[in-house]
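Chain letters run A, B, ... following the sequence lines, proteins first and then strands; every chain starts at 1.
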Number of protein chains: 6
Amino acid sequence: MKGKYIKGRVIAYDGSQLSPLWCFKNFDLQGDCVLAFRGPCDVKDEFMVDLEDQKKGSTVAADDMLHFIVEVFQSDLISTVLLQRLLIVTVMEVIKKFGEELGLRREGDSIYARLDGEVWGKLSVSIATVSPLSGLIHLGLNVSTEGTPVRTAGLSEIGVSRLDDFADETLRRFVDEFQGVQFDAHKVKPVV
Amino acid sequence: MKGKYIKGRVIAYDGSQLSPLWCFKNFDLQGDCVLAFRGPCDVKDEFMVDLEDQKKGSTVAADDMLHFIVEVFQSDLISTVLLQRLLIVTVMEVIKKFGEELGLRREGDSIYARLDGEVWGKLSVSIATVSPLSGLIHLGLNVSTEGTPVRTAGLSEIGVSRLDDFADETLRRFVDEFQGVQFDAHKVKPVV
Amino acid sequence: MKGKYIKGRVIAYDGSQLSPLWCFKNFDLQGDCVLAFRGPCDVKDEFMVDLEDQKKGSTVAADDMLHFIVEVFQSDLISTVLLQRLLIVTVMEVIKKFGEELGLRREGDSIYARLDGEVWGKLSVSIATVSPLSGLIHLGLNVSTEGTPVRTAGLSEIGVSRLDDFADETLRRFVDEFQGVQFDAHKVKPVV
Amino acid sequence: MKGKYIKGRVIAYDGSQLSPLWCFKNFDLQGDCVLAFRGPCDVKDEFMVDLEDQKKGSTVAADDMLHFIVEVFQSDLISTVLLQRLLIVTVMEVIKKFGEELGLRREGDSIYARLDGEVWGKLSVSIATVSPLSGLIHLGLNVSTEGTPVRTAGLSEIGVSRLDDFADETLRRFVDEFQGVQFDAHKVKPVV
Amino acid sequence: MKGKYIKGRVIAYDGSQLSPLWCFKNFDLQGDCVLAFRGPCDVKDEFMVDLEDQKKGSTVAADDMLHFIVEVFQSDLISTVLLQRLLIVTVMEVIKKFGEELGLRREGDSIYARLDGEVWGKLSVSIATVSPLSGLIHLGLNVSTEGTPVRTAGLSEIGVSRLDDFADETLRRFVDEFQGVQFDAHKVKPVV
Amino acid sequence: MKGKYIKGRVIAYDGSQLSPLWCFKNFDLQGDCVLAFRGPCDVKDEFMVDLEDQKKGSTVAADDMLHFIVEVFQSDLISTVLLQRLLIVTVMEVIKKFGEELGLRREGDSIYARLDGEVWGKLSVSIATVSPLSGLIHLGLNVSTEGTPVRTAGLSEIGVSRLDDFADETLRRFVDEFQGVQFDAHKVKPVV
């Protein structure tokens, strides 16, 4: 798996980026890969793949997010959702390294950060799906909390200020995690 | 996924338990399932599926462990290893709820607990493999640190004393996590 | 697998219903499911997935049908077609319970009913296909024979009058059959 | 799929026949195939793949059975169990053609025949499993009811006397059914 | 696998032919198949599946080509690309039988022919992809070199003049190769 | 894919080497890999996976061979046989580079070399199979023709003398071919 951070460039996420080979077409990342970039988030209806959100009429929007796009080949949807969980967990581990000692809580694919006492804000939006060729994951982390439709938390608010370093470290750790998974899958005998 | 804790009974883990339908044959758990029990651990050579351990001549042994066996059907090895990571993470979240405020660190499928200053002990052993029918996971958590071949940590040592409750809570959370993964896999449109 | 009968509501089947997560989006049935409803049938060209019908210029139409939509995840096309056969067989077994003692004959995925002597009428239309996420089946049973393009038979004509009960019983039996298949798939050892 | 009936030769079924490529090794049937032969049935413990039977201590035995062995490549277990159901249904359709007008009832993969009033006898034993290469099915139909451990029915008892013709016709129909399934899997467009 | 050569008819290849069941819909070839025809080649942007070509702004065009379309069901992309290589190799073996003793060189899925000394021309264009149902391959061999955007070689130029025979022989050999692969996949025991 | 040549060491091939993770266990090659070594060949009955050979009573034996073992994860049998063909073709291309200008002919997975006029000798033995985790290939090329049970050809006989260079070059080319296949599988859009 290759990782790449598109540093210093604003890319608006509208959902069309969650498509097979988008990273290859636009940033020459081939094969299993994870791409990070920063920019606003406003998922268009036509690119909304989360039918639960669609049914609820939820909007997925924010003025400034740190985005991660993952593409993994020969991966079915269950496997892709499991990998999404691993991405979430990795991000939480890196936040703890960068951010202040504050509360973080995971619910499925969502990260919540304690803002004040028992007040928690949602830090992330995420979705996992498949194309006929690959599994695809989007994870967006609020940088600020401007323009988000619900009570949220932002990375800057919880003390993660060096965003470029944070992105680089997250990519590095996630690529390591993925390679660890592959290593462990290539060292065991099957049982019968 | 069904979860079951075999309470109040000592079952010795020797590696033969990591086989397809063992939970069904012995404890009537059918389909995707997770089983917990307590007992010593001494993996026989013939049931050692971890070739890395085998090459190193590692022994997998402890006098008293809390064991988890997971079986998931139609699951390839990568997917099973990813599910193993989710089990590890779930266990860590439950430990933090039960145990004292102490350091926990994950490296792949291993949990380390801070014992004293910068001294860490390995709390867990784990392996994931496949049969022709299913993915299989074993996770063993040291209860005490008697009889373990390397520097280890034990649940009792780090403040997790109500082991039956801990087992029940871990099963409940892991079953919830698994169902959350399935829910998320059944609510998205594919992309093309 | 969950079953649901949308009772007392007319829903026109035009082929667009044979799409991934249609049952979830519209009727909150998540995961493997079978949905039944009643309404006319007129498959639009753009939703015609049966290329054999398309080549022959066949139309798939009827004024009043009892429809079944099945969605099964992680199911390839062969498996989905086999499940379609099981649905057909289940329907025939339920018809025999409800209807008069008359002849029924299956040819692949089509049910024929003896109308008079050696005159047989086609009772059903059916198709099975896949999306990138799931197997999908449509089965339509003529209630009356109005508006059908070829010589057909209708449920009312062959003595199945309590249609709501018939739909409920069919759903119940098919869900049972499906769970029986899963049970049998989770009780055997692999061979080598 | 190729079908072959080993006519006029007694072959004892002890469970070892349910293994990958057994039909190829012994009768030169290559690829997807169905083989029929006649002989006693006594499944040895070591070849018992049905863990439910094993747990109950059931024995699978009869003095004279008509056996069918099916092997299908690139077939997972769910798909193989579904194919087993189709084999059962096909056999029932052929029995009705050959035998007297009597009651037949299917429960999952078992055929029951009405013997007298409300007395039913089990006509068949069947199991489906997988090897790493293929799906495998065994179906045994009692010819007589000698040597069967439970209340059974036999083909001869229910009026199916020309057993060679019955075997040939069943093979022909099942091969047709299988090819029909493949035909239907190769004529539809996917949906998205 | 069935092979068919549409002899004596000019069919323009614009990329839309690389779609599931195109051979079935238009030429009644069902299941795994390979179709050959002759005609110009001009792949429209909307049907360009090769993102590398698209990124480079390459055009895929020629005035007269011999085209092969292969469709194989239950085939993932890696398997389809490997089959494409086998098609390329088969074509090279047939060219050597038909053509003059000249140099041929393969680079991945491209065939180059020595034109003069160290001058080589590209003889072929090819792509492999998947639909949700099947693997799909296009291979186009230049007949003449008119209308090709880069330095190319043509079959006529390298001495393959009897094109209909060449097409027939290639189809025959490729169908044989494919059946040989299936034969070899149905004669081995798995290992554990 | 990693390639490794075990130079200067004689390893006897008896068939037990064709097992999952053999290259990892013995030579630390992890993941997709190809290993080459030199030594005699005498496949024991218990490790004979080719049932066609077994039925014919063929022996697979030679005094001195250059062996290649390939292991590829997440590869079904058809895909593994196709990869075997690509290995065969790669070897033939390298032989032509190293050896004298002589005739080579491929029949499925066998290479024949022209010895004298119309006398051809079999140069290779090969088999492809799967474990529950991986596809596995063995290819043995006769170095000399001593100890071979049928009319054979040897590499030395046809002018391939620098065997270490030949092995290295073949490994390099095959790894390149495999990576080319993966590259081509990660640059195309799916079609629907």
Side-chain angles (χ1 to χ4, degrees), chain B residues 1-2 4 6 9 11 15-35 37 46-47 49 51 69-83 128-138 178 181-182 184-192, chain D residues 15-25 32 43-60 69-85 107-110 126-138 185 188-192:
Chain B
M1 175 176 274
K2 287 163 208 151
K4 197 178 206 168
I6 310 302
R9 195 175 137 193
I11 300 171
S16 66
Q17 292 78 11
L18 197 72
S19 73
L21 297 167
W22 184 82
C23 298
F24 174 60
K25 204 160 44 181
N26 294 282
F27 300 101
D28 261 328
L29 274 185
Q30 218 213 12
D32 299 335
C33 63
V34 53
L35 188 86
F37 57 87
E46 62 184 298
F47 300 127
V49 300
L51 293 185
I69 305 277
V70 178
E71 181 162 24
V72 186
F73 291 80
Q74 288 191 285
S75 177
D76 67 19
L77 185 46
I78 291 287
S79 195
T80 307
V81 174
L82 287 167
L83 186 63
T129 187
V130 288
S131 76
L133 280 177
S134 54
L136 289 155
I137 302 167
H138 171 247
F178 187 78
V181 167
Q182 289 188 312
D184 286 358
H186 295 151
K187 68 164 194 180
V188 288
K189 285 190 294 187
V191 292
V192 284
Chain D
S16 66
Q17 293 77 12
L18 198 71
S19 73
L21 298 167
W22 184 82
C23 298
F24 173 59
K25 204 159 45 180
D32 299 334
V43 177
K44 290 187 190 164
D45 271 6
E46 62 183 298
F47 300 127
M48 176 75 89
V49 300
D50 188 329
L51 292 185
E52 207 193 8
D53 279 359
Q54 207 179 52
K55 285 166 68 173
K56 291 182 187 160
S58 305
T59 55
V60 178
I69 305 276
V70 178
E71 181 162 25
V72 187
F73 291 81
Q74 287 191 286
S75 177
D76 66 20
L77 184 48
I78 292 286
S79 195
T80 307
V81 173
L82 287 167
L83 186 63
Q84 177 203 36
R85 300 315 201 233
E107 288 180 18
D109 63 0
S110 297
S126 186
I127 194 70
T129 188
V130 288
S131 76
L133 279 177
S134 54
L136 289 156
I137 302 168
H138 171 248
V188 289
K189 286 190 294 188
V191 292
V192 283

Which atoms of Leu21(B) come close to chain D, meaning under 4.5 Å heavy atom to heavy atom: side chain ones, backbone ones, both, or neither? both
Residues 26-35 of chain B: residues contacting chain D (heavy atom under 4.5 Å, by number): Asp28(B)
Taking salt bridge (Lys or Arg N to Asp or Glu O under 4.0 Å) as the definition, give me every residue that meets it alongside Lys187(B), ordered by chain and number, with sequence neighbours left out. Asp50(A), Glu52(A), Asp184(B)
Considering only heavy atoms, which portion of Leu77(D) lies under 4.5 Å from any heavy atom of chain B: side chain, backbone, both, or neither? side chain
Those residues at least two apart in sequence (or on a different chain) that pass side chain to side chain donor-acceptor pair (under 3.5 Å) with Ser75(B) are Thr80(B)
Side-chain donor or acceptor of Lys55(D) paired with backbone N/O of Phe24(B) under 3.5 Å: yes
In chain order, what residues pass the ring pair (Phe, Tyr, Trp, His ring centres under 6.0 Å) check against His138(D), with sequence neighbours excluded? Tyr13(D), His67(D)
